[in-house]
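Have a look at the structure below, then the notes.
Just so we're clear, the structure is a prediction, and the values are computed from it rather than from any experiment.
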Amino acid sequence: MSEALPPETLRELVAARIAILRLSRRAGAGLVGGLVLVNVVLGALPVAFVIATSVVLGRVPAAVEGGLSSSAWRSLVTVFVLGAAAFVGQQILAPLVTSLSELVARRIDGQMFRELMSASLSSPGIAPLEDQRVLGELRLAATELQFGVQSPGQACAGALALIPKYLQLLGYAVVIGVAFSWLAAAGLTVTVLMFRYGQRGGLRRYARKRITLDAYEREIEYLRQLAIQPAAGKEIRIFGLANWLGQRLRQVTIEFLKPMWSARRHVYMWPFVWFATWGLLVTVAVFAAIGSASTETFSLVTFALVVQSALAALRLGEYYPESDLQTTIGMLAYDAVQRFAGSVRGYPAVTPGPQAGSDVGPTGRTVPEPQGTIHFDNVTFRYPGQDRPVFEGLDLRIPVGACTAIVGLNGAGKTTLVKLLARLYEPTSGTVRVDGVDIRSYPIEQWRTRLGVIFQQFARYEASAADNIAYGAVGHLDDSPGIRAAAADVGIVDALDRLPRGLDTPLARHLSGGAELSGGQWQRVALARALFALRHGARVLVLDEPTASLDIRAEAHFFDEFARLTESATTLLISHRFSTVRHADLIVVLEQGRVLEQGSHETLLAEDGRYAELFRLQGDRFTDARADKIEAVVE
């Protein structure tokens with residue numbers, strides 16, 4: 001949820017309702033006009049039914065006295081038929097209104113979802129999607145749109161559903177005013193509007209309180225999901241966490257509910273005591289006046305008409321399940337969509353254009369083949385909202401056509417380096433150049449076609465195995481031989497062939513005919529995706545911890561083939577395993593945002609610096625572990 005609160009001032013409330021009514025136009029003028037018309041009829045029919053039944057009651061004595069052939073009887077039957085038609089019309093129109101309202105809501109929510117997706121994908125970089133404030137707005141909007149219960153579309157449908165309710169109130173007030181007393185009509189109308197204010201205002205204040213408890217609600221949802229998802233099931237049982245999980249869920253739920261209970265008492269208890277007191281006084285006064293009216297001026301028809309209208313009007317002061325919650329929360333969801341889109345647009349442009357002196361402008365020309373060096377030229381970078389820079393004056397040269405390994409402790413900026421190269425972020429200062437040319441001078445989409453990047457947290461698409469590989473070059477989904485060749489290069493093709501539908505098997509167990517892969521198999525699929533990109537135009541291959549889920553033997557086999565597969569490519573390899581990086585042509589050690597050391601494996605060992613220290617530390621651990629294993633086998 002977002003930190004934004006529901007509108008509270010009169011101006012904000014009016015503006016919110018106007019925004020929702022304007023939004024309803026997105027459903028189409030014909031559909032909305034039809035729904036408004038049906039709602040108007042649905043608002044008039046109950047009033048017509050009350051009038052008709054009251055007249056029937058008044059004409060019964062004359063009709064009975066006159067007999068079946070009398071005009072009084074015929075008149076009674078005519079009015080009865082009109083009343084029955086009004087009743088039947090309500091039963092016919094009610095489901096029609098429900099269907100039309102749902103159609104309005106779905107049309108609007110479909111457009112809202114497209115708007116949300118467009119906003120999410122509009123930024124070439126990922127900074128907005130890593131900002132927790134922006135993500136809070138996205139969560140609220142996406143959740144309500146996904147379930148479509150309290151969504152912007154439902155808010156529009158709920159606002160239109162108020163038409164018959166308030167038309168009925170107006171009709172009953174007119175009937176009471178004309179037939180009996182305008183003062184009584186005004187008193188009953190004010191009573192109903194007071195109860196409606198209590199209902200709607202209470203929901204708004206209740207929602208405001210709930211938003212402030214968003215952290216508790218998110219933890220409750222997390223704990224519930226943790227308990228029912230298979231991923232954590234093994235550890236929960238092995239470590240005996242079931243009781244703790246239940247106790248923690250109960251504790252957090254109570255911490256969430258206590259202030260909600262207090263808010264509910266504050267919102268719905270004392271205000272409604274005063275509303276009920278006023279309503280009781282007005283109702284008693286109105287019905288006392290009705291009872292004391294003389295029979296000369298107050299016929300049976302008038303009596304029935306006024307009593308039925310008064311009772312029907314008072315019932316309109318209740319909660320409207322088809323409208324109230326939808327409009328209250330739906331307006332929040334719509335506002336969240338707008339705030340999210342505005343936040344994304346408000347982020348600094350990821351493509352500010354070339355710096356002065358760049359020799360290529362954003363003219364749409366194809367990015368040339370890299371020839372010499374990728375240069376991080378005096379690059380400083382800090383993430384938005386953070387004071388400490390990740391890089392400060394970074395000077396790094398990556399030779400084209402060679403394999404460069406980047407090593408360093410956690411937080412050294414290895415993955416951030418990849419983000420800057422892929423232009424998911426732009427440097428705070430400094431420039432990334434290829435052969436002396438600022439990469440910001442190239443169209444960003446064309447620059448990215450030159451990259452094949454697999455991050456440590458790579459995507460696992462719920463699509464076929466073939467598509468998961470081919471997404472490395474989505475314009476070549478039909479390259480079946482290339483897909484199979486990439487799978488074979490990383491040693492996964494046999495495992496994929498054994499799936500129920502081979503490479504066409506969806507990689508998600510819950511899909512029809514689908515299957516799930518192990519962590520190591522998924523990583524091979526991701527590697528195949530990068531190689532497929534290399535096959536179709538990528539010239540810079542970036543692998544972030546490419547063998548983290550592979551065992552040592554599989555890792556060794558992979559790198560035996562790696563040099564052959566990437567012979568003509570520029571490869572940037574990020575890994576914490578020195579058995580991996582020792583094969584690189586150039587090894588760069590990052591520390592505190594700067595290049596600490598660089599050189600070949602042999603050169604860095606000879607210098608006996610930070611790399612040599614880390615290499616020996618990891619080698620000793622591996623040697624000790626292998627010795628312990630051999631000793632255990634011997635014993």
Query raised in the report: What's the shortest heavy-atom distance between Val432 and Pro427, and which atoms?
Result: CG2-CG, 4.2 Å

**Report entry** Sub-4.5 Å side-chain heavy-atom contact between Leu23 and Ile108
**Finding:** yes

Using distance only, find each side-chain donor-acceptor pair of residues 111-119 under 3.5 Å and give its atom names and separation, not counting sequence neighbours.
unit_1, atom_1, unit_2, atom_2, d
Gln111, NE2, Arg26, O, 2.7
Glu115, OE1, Arg26, NH1, 2.9
Glu115, OE1, Arg26, NH2, 3.4
Glu115, OE2, Gln338, NE2, 3.0

Report task. Show your reasoning for whether side chain to side chain contact (heavy atoms under 4.5 Å, CB included) applies to Ile228 and Gln225. Result -> CA-CA 5 Å; Ile228 63 175; Gln225 291 298 318; 4.1 Å; yes

Report task. May I ask you to check whether over 12 heavy atoms, not counting those of Glu235, lie within 6.0 Å of atom CD? Result -> no

Requested in this report: For Glu322 and Thr98, indicate whether the former's side chain and the latter's backbone hold a donor-acceptor pair under 3.5 Å.
Outcome: no

**Report entry** side chain to side chain contact (heavy atoms under 4.5 Å, CB included) assessment of Glu217 paired with Leu213
**Finding:** CA-CA 7 Å; Glu217 195 164 16; Leu213 301 171; over 6 Å; no

Report summary line: Taken in chain and number order and not counting sequence neighbours, the residues that satisfy ring-ring contact (aromatic ring centres under 6.0 Å, His included) with Tyr320 are none

Report task. Output all residues satisfying ring-ring contact (aromatic ring centres under 6.0 Å, His included) with Tyr461, sequence neighbours left out; order by chain, then residue number. Result -> Tyr471

**Report entry** Pairwise side-chain contact, Leu590 with Leu394, heavy-atom cut-off 4.5 Å (strictly under)
**Finding:** yes

Query raised in the report: Is it true that a side-chain atom of Asp324 and a backbone atom of Tyr319 form a donor plus acceptor pair closer than 3.5 Å?
Result: no

Query raised in the report: Could you go step by step and tell me if Glu130 and Lys419 meet the salt bridge (Lys or Arg N to Asp or Glu O under 4.0 Å) rule?
Result: CA-CA 13 Å; Glu130 294 187 344; Lys419 293 178 180 178; 3.3 Å; yes

Query raised in the report: Do His601 and Ile587 come close enough that some side-chain heavy atom pair is under 4.5 Å?
Result: yes

Requested in this report: Please report the shortest heavy-atom distance between Leu503 and Ser464, naming the atom on each side.
Outcome: O-CB, 3.7 Å

Report task. Not counting sequence neighbours, which residues clear ring-ring contact (aromatic ring centres under 6.0 Å, His included) with Tyr334? List them please. Result -> none

Requested in this report: For His266, check ring-ring contact (aromatic ring centres under 6.0 Å, His included) against everything at least two apart and list the hits.
Outcome: none

**Report entry** Shortest non-hydrogen separation from Ser343 to Val134 and the atoms involved
**Finding:** CB-CG2, 3.8 Å

Query raised in the report: Between Thr327 and Arg200, does any side-chain donor sit less than 3.5 Å from a side-chain acceptor?
Result: yes

Query raised in the report: Can you name the residues that form a side chain to side chain donor-acceptor pair (under 3.5 Å) with Arg248, not counting sequence neighbours?
Result: Glu219, Gln251

**Report entry** Donor-acceptor contact present, side-chain Asp335 to main-chain Met331, <3.5 Å
**Finding:** no

**Report entry** Nearest heavy-atom neighbours spanning Ala486 and Ile469
**Finding:** CB-CG2, 4.1 Å

Identify each donor-acceptor pair in which a side-chain atom of residues 381-392 lies under 3.5 Å from a protein atom, sequence neighbours left out, and give them as a table.
unit_1, atom_1, unit_2, atom_2, d
Arg382, NE, Asp387, O, 3.2
Tyr383, OH, Thr416, OG1, 2.7

Query - Arg423/Glu426 under salt bridge (Lys or Arg N to Asp or Glu O under 4.0 Å): CA gap, chis, key distance, verdict - result: CA-CA 6 Å; Arg423 299 191 63 195; Glu426 298 289 4; 2.9 Å; yes

**Report entry** Donor-acceptor pair, side chain of Thr328 and main chain of Leu325, under 3.5 angstrom
**Finding:** no

Query raised in the report: For the atom pair CG (Leu417) and CD1 (Ile406), what is the distance rounded to the nearest 0.5 Å?
Result: 5.5 Å

Query raised in the report: Taking C-beta and beyond as the side chain, do Ile454 and Val542 meet within less than 4.5 Å on heavy atoms?
Result: no

Query raised in the report: Taking the side chain from Arg237 and the backbone from Gly233, do they hold a donor-acceptor pair closer than 3.5 Å?
Result: yes

Query - Intermediate values then yes/no, salt bridge (Lys or Arg N to Asp or Glu O under 4.0 Å), Glu613 and Arg610 - result: CA-CA 5 Å; Glu613 177 188 351; Arg610 185 64 166 157; 3.2 Å; yes

**Report entry** Pair Arg484 + Asp479: basic N to acidic O under 4.0 Å
**Finding:** no

Query - Pairs touching residues 503-532 that satisfy ring-ring contact (aromatic ring centres under 6.0 Å, His included), sequence neighbours left out - result: Phe532-His536

**Report entry** Heavy-atom check, side chain of Lys414 versus side chain of Asp544, under 4.5 Å
**Finding:** no

Query - Minimum side-chain heavy-atom gap Leu249-Ile220 below 4.5 Å - result: yes

Requested in this report: Quick one: do Ile254 and Val252 satisfy side chain to side chain contact (heavy atoms under 4.5 Å, CB included)? Show the steps, please.
Outcome: CA-CA 5 Å; Ile254 290 176; Val252 178; over 6 Å; no

Query raised in the report: If you take all heavy atoms of Leu499 and Ala515, which pair is closest and at what distance?
Result: CD2-CB, 3.9 Å

Requested in this report: Applying side chain to side chain contact (heavy atoms under 4.5 Å, CB included), name anything that partners Ala215, two or more places apart in sequence or on another chain.
Outcome: Arg218

**Report entry** Evaluation steps, side chain to side chain contact (heavy atoms under 4.5 Å, CB included), between Val407 and Val588
**Finding:** CA-CA 6 Å; Val407 299; Val588 177; over 6 Å; no

Report task. With the side chain counted from C-beta on, respond yes when Leu543 and Leu572 share a heavy-atom pair under 4.5 Å apart, and no when they do not. Result -> no

Report summary line: Note: Ser123 and Val344 closest approach over all heavy atoms is CB-CG1, 3.9 Å

Report task. Check for a donor-acceptor pair, side chain of Arg529 on one end and backbone N or O of Ala470 on the other, with a separation under 3.5 Å. Result -> no

Report task. Would you mind listing every salt bridge (charged side-chain N to carboxylate O under 4.0 Å, His left out) that reaches into residues 500-512, with sequence neighbours excluded? Result -> none

Query raised in the report: Who passes side chain to side chain donor-acceptor pair (under 3.5 Å) against Gln247, sequence neighbours left out?
Result: none

Report task. For Thr571 and Cys403, indicate whether the former's side chain and the latter's backbone hold a donor-acceptor pair under 3.5 Å. Result -> no

Query - Within-4.5 Å side-chain heavy-atom neighbours: Phe376 and Ile398 - result: yes

Requested in this report: Report, as yes or no, whether the 6.0 Å neighbourhood of atom OH on Tyr216 holds more than 12 heavy atoms from other residues, nucleotides or ligands.
Outcome: no

Report summary line: Across all chains, not counting sequence neighbours, the side chain to side chain donor-acceptor pair (under 3.5 Å) partners of Ser518 are Gln521

